[in-house]
Amino acid sequence: MKNKDRNGTLKAFLLDAEHVLVQGESAIRLMLKLESGTTIRMYDSFEPYFLVQPQAPDEKSLQECKKSLEGMRAFGKAGEVKTKRVEETTLSFRNKKMPFLKVFAFLASDVPLLRHAAEKHGVPFEFDIPYTRRYLLDKRLRPNALHEIEHEGLRVKSIKALDSQGETPKFRMLSLDIETYNPDAMPNAEKDPVLMIGYDGEAKGVYSYKKKFSNDFTKTFASEKEMLEGFCALLREKKIDLLCTYNGDQFDLPYLQKRAKRIGADLRLGRDKGEVKTKRLGLREVSKVSGRIHYDVFPVASFLNFIGTIKVERLTLEEVYFTVLGGKKLGVKKQDIHKIWDTGSQKELDFLAEYCLTDAIACIDLTKNFLHLHLELGKLVQMPLVEVSRATASQLVETYLLSKAFVRGELAPNKPSSADIYSRQSPVEGAFVKTPDAGLYENIAVLDFRSLYPSIIISHNIDVTTFDCDCCTKAEAFISPQGHKFCKKRKGIIPEMLEEILAERAKIKKEMKKFDSSSSEYKALDARQWGLKILANSTYGYLLYARSRWYSREGGEATTAWGRHYVQDVLKKAEEFGLKPLYSDTDSTFLLYESKEKVLEFQKQINASLPEAMQLELEGFYPRGIFVSKKAKGEEKGAKKKYALIGEDGKIKIRGFELVRRDWSKIARETQRKVLEIMLREGSVEKAVTLVKKVVEDLKEGRVPIEECVIYTQLRKSASSYEIQSPELGAVQHARKQGVRVPENAIIGFVITKEGKESSKSKQKVYLQSRLIELAKDYDPDYYVNHQVLPAVLRILGSLGFDEDSLKNKGKQTGLESW
DNA sequence: TAATTCGCTAGACCGA
DNA sequence: TCGGTCTAGCGAA
């Protein structure tokens, strides 16, 4: 700790910036990590402020407004609030430079109060940018990057981000996972103790109490209290910087805190006496521990699942671990834990400890896997790790844009009012999708526009600041297919951002080729390009996001209109070129070819005609592919967003089929997958039919395990607010009637059982037969044959010239329903 | 108080 | 009992 005690300059990684009070004023406390590995705290001063646009831009109005703002009074809970001081400044607003007044406050919490008072004197702006974020943006600091700090003791004199992109701090990490006593499904901290704490990272093991264990990784304490305090001692001893959990925000950390209070344990998870602080951040809760970074893998997995980077059916630790890292699952049912604790055998108790440890291992492994991404994203959008790892797509884009606006000397637009949000609701016409003809095809070339929407936005300078400018005539500007005009003279903030992102990403991709894919350099670069990709892909959505500061309906309309224009142009030109278009969705084109050279020649020709930022890439050549028909009344039409391709390497790419959907049973999905594989690899209908017959027989005979009949669905509303009955709702209602608690919005698994099946000939209500998997005793073979396996499979076989109706004629040799 | 639109499908609902 | 319409969920991009 020598460095901080004297004056001078030091280099450190900036980990976090917190709001603190110093002598009655808002100030910043920085968490810094020296290159030696030591973590220190320092203090910086920063005045909270917001901006006000005077009623009129003339000097007289400006001075009058300034005077009024200086004399402002507002009243908050803590009494009277005053303006600290007011400064004049010039900012660019709606493409014009104009005067603004910068109103400084003593406390960050005064800003919202003063802002209301200021509304009488002008139009307030940038009043809702959180204090610590304002600090990072204004000082152009980059969380997780190396900074040079000039200081006097613990006081920062100046701080500057260094241009050392590659380096990132090395954290001392520990994962944490608790098991609780839970006789009533959901544990209650008022009465249910914490039984075990698993951890991995700087140390690895399990803490428990009273019980004896035969393994050597479990340490037994005399009481729950000593166990909790022992764990805090471990955090201190190992000098942990980063504590990671899976859903610790909402479960583990608040539970430990409540429990400690209840049993009188001295729980110091942080670096000082502070308790776990659980704060609402947007829609969710964040649990913070002072002096350490709490990294919660659950919101990370949830975000990546949402944007499509990973694909899991349920966001459990086990499933995420398995999907992302191929880790094994160790099954202990939550409802069994208290039984094992009370009456379990030694073997069961040992197994529980092992399970607890496995969860801690999964948690640290996942953290190591995702941390690089957030370190890089944090640098990029200037958000500390705690925030960036919990941020939504719109928050990432918006924070990046706020920083860009600051650098460009532009005023950030205010967030929309609720009336604005309401008026932004009507949808904007989206992408073009071509209807394919159903069938089995050979030799399909797939061409993709690389980053279609970002490249269109760049090429045509699309955003709210460039729309309908008054500096370009129609002849000078970019005119969209619907006639929207975009400036050609000044680059917009969003096109500029995307141009930088895409250029940087291309540079990184090139750089990555120099390294081995297992090297740390490669991984850091990969994380960086990944972060850039997330940002670029979210930007179009942000343009049309109703709560966006930089919303542009016209910009969104123009982007998709140009998208439709370019992709349809490719289809038309392909036809003329002698390549038959088969299918197209948004940015992709599927062409039937005879020679690959011709495809490459075509691609070259298109690329020569495109704007510089746009590019048509060859995604691949596929020897065989299947498109199926839509299940529609009347005419037979090919289905969109549903196809399967087999690559030259034998790898199969499947989109849209039931088998990729979690709301279909495993038995139907697996059977469909096998049929698709047979058709793609061998093209043998006979073989596929034989396979299906076997499955149907197994179902009839009850040989299929009930687990393979589970259907997963999320109830996205509260159970009472549904207009219509459904099987999933039926399962929940039945369970609640039995006294089983089912949380709102949960993804539930249910089975269609024989129970509740009506013998009458009237139309069977499936929801009466549906039961949660936990309560299901059997499955209804008729349902799984006729409503799961056969529809999934016949769609494919029927589309490939196999006469579907003949399949259903009972008695025929090949009939699938001949049983 | 979670980026967008396009598209498929099952099952419930409802009127003839 | 049949067939059209609507609600709801999930996936493609």
Side-chain angles (χ1 to χ4, degrees), chain A residues 280-285 299 302-303 305-308 311 313 390-398 415 418 421 424-435 448-449 451-453 534-548 550-551 553 555-557 559-560 563-564 567 583-588 628-634 637-643 653-664 668 711-717 721-730 745 747 752 761-770 783 786-788 791-792 795:
Chain A
R280 239 186 138 68
L281 193 97
L283 265 181
R284 41 172 299 113
E285 313 257 294
S302 169
F303 174 79
N305 198 45
F306 178 66
I307 64 168
K311 225 193 111 197
E313 275 160 37
R390 292 161 174 86
T392 64
S394 69
Q395 286 172 321
L396 294 177
V397 175
E398 188 155 292
K415 285 185 182 168
S418 45
I421 294 170
R424 294 175 179 183
Q425 294 302 321
S426 69
V428 163
E429 185 180 348
F432 167 74
V433 189
K434 177 182 160 63
T435 308
D448 274 355
F449 278 101
S451 303
L452 178 68
Y453 289 169
I534 289 172
L535 269 184
N537 287 348
S538 308
T539 306
Y540 161 75
Y542 180 77
L543 205 61
L544 287 178
Y545 171 49
R547 295 176 187 278
S548 161
W550 278 273
Y551 178 87
R553 186 182 176 86
E557 282 172 348
T559 305
T560 53
R564 295 190 297 273
V567 80
Y583 176 62
S584 168
D585 186 349
T586 312
D587 59 356
S588 67
V628 297
S629 53
K630 211 162 99 161
K631 196 177 190 185
K633 350 130 232 243
K637 262 190 161 179
K640 299 169 178 180
K641 299 189 186 285
K642 230 173 177 186
Y643 60 85
K653 181 173 166 176
I654 297 170
R655 293 291 122 96
F657 279 104
E658 284 75 7
L659 75 95
V660 303
R661 298 177 61 103
R662 72 167 177 216
D663 57 352
W664 279 73
I711 297 165
Y712 292 101
T713 321
Q714 183 176 22
L715 286 177
R716 288 137 73 115
K717 310 198 275 182
S721 53
Y722 280 87
E723 290 183 29
I724 269 182
Q725 275 292 348
S726 61
E728 51 271 36
L729 190 55
N745 293 317
I747 294 172
I752 306 306
K761 276 172 232 151
S762 70
K763 210 157 191 179
Q764 179 61 44
K765 297 270 191 267
V766 180
Y767 64 84
L768 295 173
Q769 286 178 259
S770 135
Y783 179 83
N786 294 318
H787 293 269
Q788 291 276 323
R795 197 80 38 79

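Just so we're clear, the structure is a prediction, and the values are computed from it rather than from any experiment. In what follows, chains are A, B, ... by sequence order, proteins preceding strands, each numbered from 1.
Judged as a salt bridge (charged side-chain N to carboxylate O under 4.0 Å, His left out), and not counting sequence neighbours, A:Lys717 has no contacts. Every salt bridge (charged side-chain N to carboxylate O under 4.0 Å, His left out) that A:Glu658 has, sequence neighbours left out, goes to A:Lys642, A:Arg795. Scanning for side-chain contact (heavy atoms from CB on, under 4.5 Å) contacts around A:Leu659 gives A:Ile654, A:Phe657, A:Arg669, A:Gln672, A:Arg673, A:Leu676, with sequence neighbours left out. Under the salt bridge (charged side-chain N to carboxylate O under 4.0 Å, His left out) criterion, A:Lys415 pairs with no residue at all, not counting sequence neighbours.
Residue contacts shown for A:Gln714 are limited to sugar-phosphate atoms, with no base heavy atom under 4.0 Å away. Residue A:Tyr551 is classed as having no contact, given no heavy-atom separation below 4.0 Å to the nucleic acid. Note on A:Phe303: nothing from the nucleic acid sits closer than 4.0 angstrom, heavy atoms only. Within 4.0 Å (heavy atoms only), A:Tyr767 reaches sugar-phosphate atoms of the nucleic acid but no base atom. Residue A:Phe306 is in base contact, counting any heavy-atom pair closer than 4.0 Å across all strands shown. Counting any heavy atom pair closer than 4.0 Å across all strands shown, A:Val397 reaches no nucleic acid atom. Within 4.0 Å of A:Thr392, counting heavy atoms only, lies at least one base atom of the nucleic acid.
At least one donor-acceptor pair under 3.5 Å links the side chain of A:Tyr583 to the backbone N or O of A:Lys641. Checked by atom type and distance alone, the side chain of A:Arg564 never pairs as donor or acceptor with a backbone atom of A:Thr586 at under 3.5 Å. Using a distance-only test at 3.5 Å, with no hydrogens or angles considered, no donor-acceptor pair links the side chain of A:Ser394 to the main chain of A:Tyr542.
Side-chain contact between A:Ile421 and A:Tyr545 is absent, with no heavy-atom pair separated by less than 4.5 Å.
First and last contacting nucleotides of DNA chain B toward chain A (any atom under 4.0 angstrom from a heavy atom, 5' to 3' order): B:dT1 to B:dC13.
Nearest-nucleotide positions on DNA chain B place A:Arg547 closer to the 5' end than the other of A:Arg547 and A:Glu429.
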Could you go over nucleotides 11-13 of chain C and give all protein N or O partners under 3.5 Å, atom names and distances?
residue : atom : partner  : partner atom : Å
C:dG11  : OP1  : A:Val660 : O            : 3.4
C:dG11  : OP1  : A:Arg662 : N            : 3.1
C:dA12  : OP1  : A:Gly656 : N            : 3.0
C:dA12  : N3   : A:Lys641 : NZ           : 3.3
C:dA13  : OP1  : A:Tyr643 : OH           : 2.6
C:dA13  : OP2  : A:Arg655 : NH1          : 3.3
C:dA13  : O3'  : A:Asp587 : OD1          : 2.4
C:dA13  : O3'  : A:Asp587 : OD2          : 3.4

> Could you walk me through whether A:Gln714 and A:Glu728 pass the side-chain hydrogen bond (donor to acceptor under 3.5 Å, both in side chains) check?
Replying inline: CA-CA 8 Å; A:Gln714 183 176 22; A:Glu728 51 271 36; over 6 Å; no
